[in-house]
Every structure is written in C-alpha cells, then in structure tokens.
A.B. asks: 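Just dropping this structure here.
Here is the naming used below: chain letters follow the sequence lines, and residue numbers restart at 1 for every chain.
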Amino acid sequence: MTKKDDYVADWLRDVESHSKRFSVLFVQLGAAHHPVRTRLSELQAKHVTLNEYLTQSSEGEKKSSGLVVIHDVADLAGKRQRRMGETRAQVMADLDRGDRFLLVSESCRGAFPPVPGSSLIEDAKVINGPMVPNAARVDSQRLSGLPGYDPSNGIGRDELLRAILADSDSKLLAALEYVCWERFESPRSSLEILSAQDLVDLRSSGLVQLDDGLHAWTVEDCWKEFRIAVADAVSAMTAAPVGIEDIYRQLWEIERMLRMMIGSAARETGGNHWRKSLFSAAEQEALVESARRDTQPTASSVADLRDPLEWLTLTALFDLRINKQLGDLGVAKYFWPKLASDLVPIRNRIAHNRIPRTGDQDAVRKWHTIICRGSSPGRQSP
Amino acid sequence: MRVYELAAELEVTTRRLIDHLRARGIAAHSTATDISRENVLKVRGDPPISDRRRRGLDAGQRLRGTSALSELLLTDTLPSLNSWQANPVPAPTTPDLLKNVRRLEVVYPAFRRHREALSLLGSQVVYATCISNNKGAESGLALVRFSGAIESAFGMTREVLFYYTPHRDLQFRDFKGARVALRSLNREVTPDLIFMCSEDERLDIKLDDWSKLEFTAIPLSPHLDEDPLSVISLIRDHIFARDLFYETSPVKGNRFFGRKTLLQSLRDDLNHQRVPALFGLRKSGKTSVLYQLAEELETPSTVTVLIDLESLPSPPDDPTPDLIADLKTKLQLQLKAKKQRTREIAELGNQPSIVEFKNALQGLLHRLSDDDVQVVLMLDEIEYLTPSDRVDIEEGDMPRIAQLLGALRSLVQENDNFTFMLSGLTSAITESGRLYGRPNPLFSWAKTHYLAPLLPEEADELARSTGGRMGIELTDGALESLYEASGGHAYLYRNFASFVVSSLPLDVYRRRIERSDVLRQSIPWRRSIAGNIEEMLAHLERYYPVEHILLDILRESPQDFAEISRAEERAFNHLIQLGLVMEENNEIQLNTILQIS
C-alpha cells in the first residue's frame, strides 16, 4: 500500500466506526472522490445495488448483515417518492435487526426529492469523502487534496473541476452561478451567502472543506478558473431541471390569477373606460407600442387591446395595484410585499431560461397555494 | 516499540499501560500499537515514583503483585480501588446461592476469577445457575450487583447478567440465546447490557459486530487480567463508547420520554372512540408517540395496526388499493397473533372495492365484539394520502381517498370496538371542509392534537436517564443550556446532546457535562445542524405556507407581527401549537431553533 492510500484505509475505519454510532450514513463519492469508490470493497460489509437490496428481501432472516453498503443510491434522485418510501421502510425494518447502512451516491443530498415525512436521505448522517493528507499530495494546489485529482492520469485541475460540476445538482449550480457571477463575491464572502444546505452539498462534493472548524473552498487558489468552470457548466446544462414543469405551470397560474384580480378591480373602478383610465398617456403609448411590435401591428390605442394588463411586466402589475389604489383584492395586505419580493426574481429567472435555485420551487408552490387555491387563510374572499 | 513490549519492560499490564498512554495524550489503540521512541522515553522517564506514591499510594496498595509503575498509573488515570469499593454489596451467604456459585465455578473456572475480581470491587454475585441446551451443553448465568460506586459511575441501577457459553466458535445464535436468557429471568435485571464470556479468540470482534446501541454485550475474556481494575476499564471502554442520545428510528419503551399528558389524551380519545389526529413538525417524534401508544394500548384483547403510508403510491396515483391490501395483511397478522380468526377479510378478493372492504371489516368487527376485542388502526405520514404540496386536496381528483376515510368513519360510528387515528405534518386534513371534491369526513370530527417541543422537565428526564446509562452526569446548567439551544425539539435536543457527548474524553472515569461543555459545543453544533434546520423549514413552507410567511414577517418586522397574528388567527395558533413561536409577557418570540437557520 502506498503512503497516499493509507488515508483511505483510515477513512474506511472511520466509516465503520461512524456506522456503529449513527446506523445510517450517506456519502457522496463523486468525481472528487472517485478512486475511493473502488476501495469500499475493503469494508467488512454486504455490498449491494439499490435494486438488489429492494428485490433480495431479507425478511425472515434473523441474523444481522452488519454493515450494508448500497452503492447506487443516486438512482433515487429524481425518482418518484414511492421508491424513496419503499427503500426507507426496508432500511428501517433491517435496522431493527441490527443492520447498519452506508448509502453511497454520486449525487449530492440536494439532488434527492423531498418527501412529506421522514426521509431516508435527509435523516442519514452525512459523512464526507477523505482528503489526501498534505504529505501525500502531488502538488501544492489545494485541489490536490481531493483523491480524484490525478494529473499523471489526465485529471488535472480543469478536468477535475469540470467533472465535479458536471456531477452537481442543478440547484447547486444555480447557487454557484449566483455567488460567482451575479454577486461577484470573493471566495470568503461567498461562503457567507450560500445556504446551509448548499454548504452541506459543496462539502460532500469536495469543493468546500472544514478548515479549523470553518468552511473553506478547496478551489480558493484557483478561483478564477473555478468561476469559468461554473460558467461553462451552467451554460452546458440543457436538460430541464427536476421540478421545472411545476414551477412554470404554477407561476403561469399565479400570474394569470393576479392579472385577472387586478383587471376585475380596474373594471369595477373604471367601468367601460378602464383601459384608458388605468394608464397615463405615456403608459398607454408604451403598451400599444409593445403590442404593435408583437402580435397587433395595427393597434393604435389601448382601446384596441383585448387586455392591456397582459402587456405589463409583473413588477409593473404590482406597482399598478399600489398606484391606482386598487385595494388588497382578497389577499391580506401584508402579504403583497412578500409576494412581490418572492416571485419577481423567480419569474425573471424562469422567463430568461435560467436555472431555478434551491427554494424556488417551494416559494412558488407556497404562493400558488395562497393565491390560486383561495381557501388558505392568507387569501380572503374579495 | 510496541505497547506489549513496553508493558513487559515496565512490568505492568498492557491495559494499564494503554490507559496511562492515553491519559498522557499518546495514541494507543491496542497492544500492538507502535510507540514512538520519544514517547517511550517520556514514559520511562516519568517523575520519581515516590513523589506520586505520596499522593495516592492507597490505590495500589491492595493490589497483589503490582509494580511501582502500575501504582503510579492507577493514581494518574483511575480512581483507587477503595473508591470503587464504596457502598459495597454484602457477600452472599444463602446456602443455595453458594452451592450454585460453586457449581458454576466447576463448569466455568473463569467464573471464579471473575467473581473474585468483582468481590475486590465491592460487587457480588447474587444469582447463579447453569442451563443445558438440548445437546447437553451447559451455559452459565450469573447476576452481579455492582458496588454503589460502580453503579453510580456507570449509570447502572440493577443487576447485570454475566453469561458463560461453552462454544469456542461463538455463533450469533449464542448471542441471541443470551438475550433470550436475559428476558426469561424473573428478576429486575439491566435490560440493555450483559457480559459475555467465551473461549472464542474473536469474542471482541464478534460481540462488537452483533451489539447494537440499545443492547451492548461486553466481551469478558476467560483469561481476564487478575487485576480487578481491569473490569472497570472494560466497563468504561464499552459503556462510554455508546451514544444513546443519537436516534435514527422511532423510539418506545425505556427509550421514550415524556409526553405523558399527550399520551393520556390520545388513550382517552381512543377509549371513547374519538378519532385523534396528531400533527407535528418533521422529526418532532410523532411516530415514536404512535409506537409508544401502541405499546401502552397492548392488551390480550386489543389489536393495534400501525400503517406507515410512506411506501404506498401517493396522489396523483391512487393509493387506496395498496392501502386496503396492506390493511388486510397487517390486520390478519395481528389477529392471528391474538388467536383470532380472520375469515371475513381473508375471503376478500385480490382487489376489493372500498365498499367490499368496509363490509368485510364490519362483519369481522361484529364477530370480534362478542369476544370484547378492540381494533385500533393508526395511519402514519398522512401526507402521503393528502400531499397538499403537490395536489389540490380540496378539489383534486382523488375521490377514493375521501371515500375510504369516510368508510373508516362509518365503521367507527357503527361499531363500538373500532377506532382509528392519524398523524402527519399538517392539520389541513381535519380543518378543510372539502376533501378531493367531497365533504371531508374528518372535518370537525377528528380531534386535533399537536406535538409541541418537549417540556423542560421532560427534556431533563431524557438527558439524565439516557446520560446515566452512558455513565454521564449532567449539571442543571448543562440541562438548561441544552434546552435553550435546541428549543426542546425532540430530535434537535438529542442531536445536540449526542454532539456534546462526542466531545467528552473517553479515558476518564467520571464523565460530567457542565454548562460550559454545552456552550463550547454550541456554535459548532449549530453549524453542523443548520442544513437540517433549513430542511425542516422547507417542509414548513410546503405544508404550512401562510405560517411560513408569518415567520418571515416576525423575523423581518416584529413590530407588525402582533396585528398580523390577530388577522391570521388560525395560522398563528398553528405556530404556537407547533412550538415555533412563543408568547411570553405579551411578547411573541421565535423558538431558538429558528434562529439557527
């Protein structure tokens, strides 16, 4: 065994010991820790794929299997909740028998779908892959602390960064895009902006590590290259992120509902002339110009537009409600500022074909429940 | 130089040397650990023995054949033998017991050595017997009462089983046999800890592999060091290595704490055929309450069926066929265990309609009522039937779920020996007038209970009792700080306690958590748990949207919150009941756990 490999043996011993304390462990062994995957066979454990685990029921077996390593847990990411539930139910039954579990995934924890109640993935103790000790690193780059860094085999800095980011969940990529390109943060300050869940995922992916109890980037000394790799990874993402269809549909319904609510109030206030009474002359001209450029080249005034509200941006729509004193429209008044501040940035991201961030889906779903279902306390009868 | 070589040179036991090395901060995992030259010199060059002797020679004085260094080691790392003898157990005098002890010593000579070592520690054998299996092999059982000092240090309160097996190649069935023997003893015995003795060379490894957190088997070598303090080291190494605070799965029995009032209310509801519905945050302990309730309801004439809905399909897929099949299977199993016939539901076809299922259950309940048998059904994780984050549960197209719940309600109303309860995250299922396009059968009918955070006294009981079983004492200040930091949330409280325990040294003989220990770990723990808290809040956002917004408002503009909370009375009440906000001195405050996120 080479010196460089010893740390993996130490890590495997830690895994064995953690499994006794925590019973269910989750580890992401993606590109940053790829060589470690082959060493898992050294664990005194039963090694199975997820499919094998679920089909080879251990029901009736009375003896504990000890440590069970399930190797392709990433298969549950993006799957329907039932599969997660089946797996958890089986794991819980086997825990009672004395089994312990190591859930090995190429994907980070954030890539797994949320479930209503107890979650196998969220409840598992996250452990991180090993880092190469300083003495065994091939060069002085911080990234060389990751076992996957192997320039002699063609996996240098740029290749490894690309591979790690290619493994990353879309929400994590969106978070990286935000700190690296939208906020243009320094490595240190960006760590204060990222959410706790993002930091958990960044640690398990190898991009962040704990240094004296504080988070630190493993890419701090190649931040410029990392930003470029993030930009490339985000641009290269062409598959629709999980949940985008729900976000899009619910946003569409919320916006239609808001336009309808504001339109109804405007009609009540302005009667048949509401189109003209609602907008100043300059605003009318701008609306007509928008319509002419798009679908109604012959339109000459707002009176020619079926619904001029449809030519307003969401922000302009919110402003209109306030400026024209159209009232709260059945939504509690203190919800309006939250509604606008939550929805406008998400709507803009989706409208510009960008990647939704962690929390976007939950926020849209929340407002959809309040605005569109109408039975929630926040949405009062107009 | 290896540990065993240095031990031989210094004429001390390897165990004692390892203790000494650890106390000096020198890593020593086993007798084969290589000790650096520098550390060997340090140990050889320890201060003159005579200086140390004056401070605590009594420690070693009563030991037979101990060298000067071993006496030194005792004073450095171990309380004296005299200390462990405090509050001794009187030696047995009953002729029957003495006869049984002698018999066990004949079958297992190691038992004599163990008994003598225990006796030097003020501890005595209080029961002994041999039991034969069907092949004539004899296992030995002895119950030991440890001295008051040992019990106090390691959180023991009852006799402990010492189990002797004749098998040189220990098998899992022997381990299970010991557990069976433990359960069969008609005495108050420590339920989660035994000593197991076998000639098997791999005894340590095997027991380590088979032991679980809630049941520890300490390997007892037949050739245990004659030094009685090696028994103490053995207990310490195994009891201190346990972390009983960390829980992965629901708890019941002696691992369940508090909730006495809630459990009483739920029992009353079920006894009076009211349908209780229990709601609480993620990881607040709902399933544990159901497990505990099922255990408390257990009588020969009560059949409790607990269904976890997580493995069933969920809307938009129809879960009712799978749910009915699951109900049928589990009900049959439970009834058979109570020696009851199940003909009415056994004769149901493979995919019965809801009406067929209801009629079959009706017939079964009628017959069971003649024998005074009660049936209680518990549906856990109700959101899998009503995923309000994904479908419109008021008007969505899944009428069979409403129909099935309606059938269960009818069965409760028509039979005095059946009721059911449900639990989940959100109370929407009992508060909404409509369910999947129909009148909601549970609306204003099921009785809602919320699982609030643990009360301070419940949390204290949990920490003291669990800590005690790991040989840990917690001061009042430590308990206060644990509660303040975790807001009394059951999972977070245990998690934080576990985090603090993991920071305690293992190479001491008295473990105590002070307020300062808790405070020192507070920030790293918060950092480690922040992701989980965010996940909990994401669940809140999914299932309690208005409440989530109220929390944001309370955080961002607390001055506006009082007025808003009056307007959103129901949502505000949810926040209070779930323990997320508290009203103190007319001031509304966020639970501490929300300040972590």
A.B. asks: Kindly compute the distance separating NZ (A:K366) from CD (B:E547), expressed to the nearest 0.5 Å.
C.D. replies: 11.0 Å
A.B. asks: Say you draw a straight line from CD1 of A:I370 to CD1 of B:I549; how long is it, rounded to the nearest 0.5 Å?
C.D. replies: 3.5 Å
A.B. asks: What residue, out of A:S119, A:G66, A:G213, has the most heavy-atom pairs lying under 4.5 Å from chain B?
C.D. replies: A:G213
A.B. asks: Please flag which part of A:S195 lies under 4.5 Å from any non-hydrogen atom of chain B: side chain, backbone, both or neither.
C.D. replies: both
A.B. asks: Does the side chain of A:Y334 pick up a donor-acceptor pair with the side chain of B:E568 at under 3.5 Å?
C.D. replies: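 Yes, because at least one side-chain N or O of A:Y334 sits under 3.5 Å from a partner of the opposite role on B:E568.
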A.B. asks: Tell me which of these, B:S557, B:P524, B:S502, has more heavy-atom pairs under 4.5 Å with chain A than the rest.
C.D. replies: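 Result: the option with the highest number of such pairs is B:S502.
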A.B. asks: Quick check: closest heavy atoms across A:Q197 and B:E534, and the distance to 0.1 Å?
C.D. replies: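 Smallest interatomic distance, heavy atoms only, reads N-OE1, 3.0 Å.
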A.B. asks: Is it the backbone or the side chain of B:I553 that comes under 4.5 Å from a heavy atom of chain A, or both, or neither?
C.D. replies: side chain
A.B. asks: For residues 280-287 of chain B, which side-chain N or O atoms pair as donor and acceptor with protein atoms under 3.5 Å away, sequence neighbours left out?
C.D. replies:
from	atom 1	to	atom 2	distance (Å)
B:R282	NE	A:E122	OE1	3.4
B:R282	NH1	A:G117	O	3.3
B:R282	NH1	A:D123	OD1	3.4
B:R282	NH2	A:E122	OE1	3.2
B:R282	NH2	A:D123	OD1	2.8
B:K283	NZ	A:D123	OD2	3.4
B:S284	OG	B:L281	N	3.4
B:S284	OG	B:L281	O	2.6
B:K286	NZ	B:G280	O	3.2
B:K286	NZ	B:L281	O	2.9
B:T287	OG1	B:D380	OD2	2.7

A.B. asks: Are A:K20 and B:D208 close enough, and set up right, to give a side chain to side chain contact (heavy atoms under 4.5 Å, CB included), and what steps lead you there?
C.D. replies: CA-CA 9 Å; A:K20 287 180 180 159; B:D208 188 38; 2.6 Å; yes
A.B. asks: Which value, rounded to the nearest 0.5 Å, describes the distance between B:S311 atom OG and A:M92 atom CE?
C.D. replies: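 With rounding to 0.5 Å, OG (B:S311) is 12.5 Å from CE (A:M92).
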A.B. asks: Measuring from B:H548:NE2 to A:K338:NZ, what's the distance to the nearest 0.5 Å?
C.D. replies: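 The distance works out to 8.0 Å.
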A.B. asks: Heavy atoms only: give me the nearest B:G531-A:A196 pair and the separation to one decimal.
C.D. replies: N-CB, 3.5 Å
A.B. asks: Apply ring pair (Phe, Tyr, Trp, His ring centres under 6.0 Å) to A:F26 and list each qualifying residue two or more places apart in sequence or on a separate chain.
C.D. replies: A:F112
